[in-house]
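Everything below concerns the one structure shown next.
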Amino acid sequence: MNNDLNSLSLKELKDLQSQVAKAIAGFEDRRKREALAELDERARAMGFSLAELTGAASPRKRTASTAKYANPANPSDTWSGRGRKPRWFSEALAKGRRPEDMAV
């Protein structure tokens, strides 16, 4: 590629710059995929998965938090004690109830 860059317009230079940036990113991505595939193949040949060898943890599964407080007027309306206080809990506290009184 033997282009005379001085003869190109600003728009043409910016287009060329964009094309070069895309080509570099594509090249790096391709090399990473090749390296990852090679490492995965070598790990499988030795009887392991790549995740086992790198210590990549599987995403934790969240469990629903257990209810700690129940609405005295409606026992099926509960709150775990996390996050924003429900209106019924705040109103009960304002009326003089203690959190222990509403504990499940």
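The shown structure was predicted, so the numbers you read here are calculated from the model rather than taken from an experiment.
- Between Ala43 and Ser49 the shortest heavy-atom distance is CB-C, 4.2 Å.
- Contact of the Glu28 side chain with the Ile24 side chain is registered, since non-hydrogen atoms from C-beta on lie closer than 4.5 Å.
- When all heavy atoms of Thr78 and Trp88 are compared, the pair lying nearest together is C-CZ2, 4.0 Å.
- Taking CD of Gln17 as the start and CG of Asp15 as the end, the distance is 10.0 Å to the nearest 0.5 Å.
- Once rounded to the nearest 0.5 Å, the distance linking OH of Tyr69 with CG of Asp77 reads 15.0 Å.
- Here the closest non-hydrogen pair linking Arg97 and Leu93 is O-CD2, 3.4 Å.
- Here Asp29 does not pair with Arg33 in a salt bridge; the nearest charged N to carboxylate O distance is not below 4.0 Å.
- You'll find the side chain of Trp79 stays beyond 4.5 Å of the side chain of Met102, heavy atoms only.
- Here the closest non-hydrogen pair linking Leu8 and Leu16 is CD1-CD2, 4.3 Å.
- A donor-acceptor pair under 3.5 Å is absent between the side-chain atoms of Asn74 and the main chain of Asn71, judged by distance alone.
- Shortest non-hydrogen contact noted between Pro75 and Ala70 is O-CB, 3.9 Å.
- Using a 4.5 Å heavy-atom threshold, the side chains of Leu50 and Leu36 count as touching.
- The side chain to side chain contact (heavy atoms under 4.5 Å, CB included) test with Arg87 is passed by exactly one of Arg84, Glu91, Lys85: Glu91.
- Residues Leu53 and Leu39 form no side-chain contact, since every pair of their non-hydrogen atoms from C-beta on lies 4.5 Å or further apart.
- With contacts defined as side-chain heavy-atom distances shorter than 4.5 Å, the pair Arg31/Glu34 qualifies.
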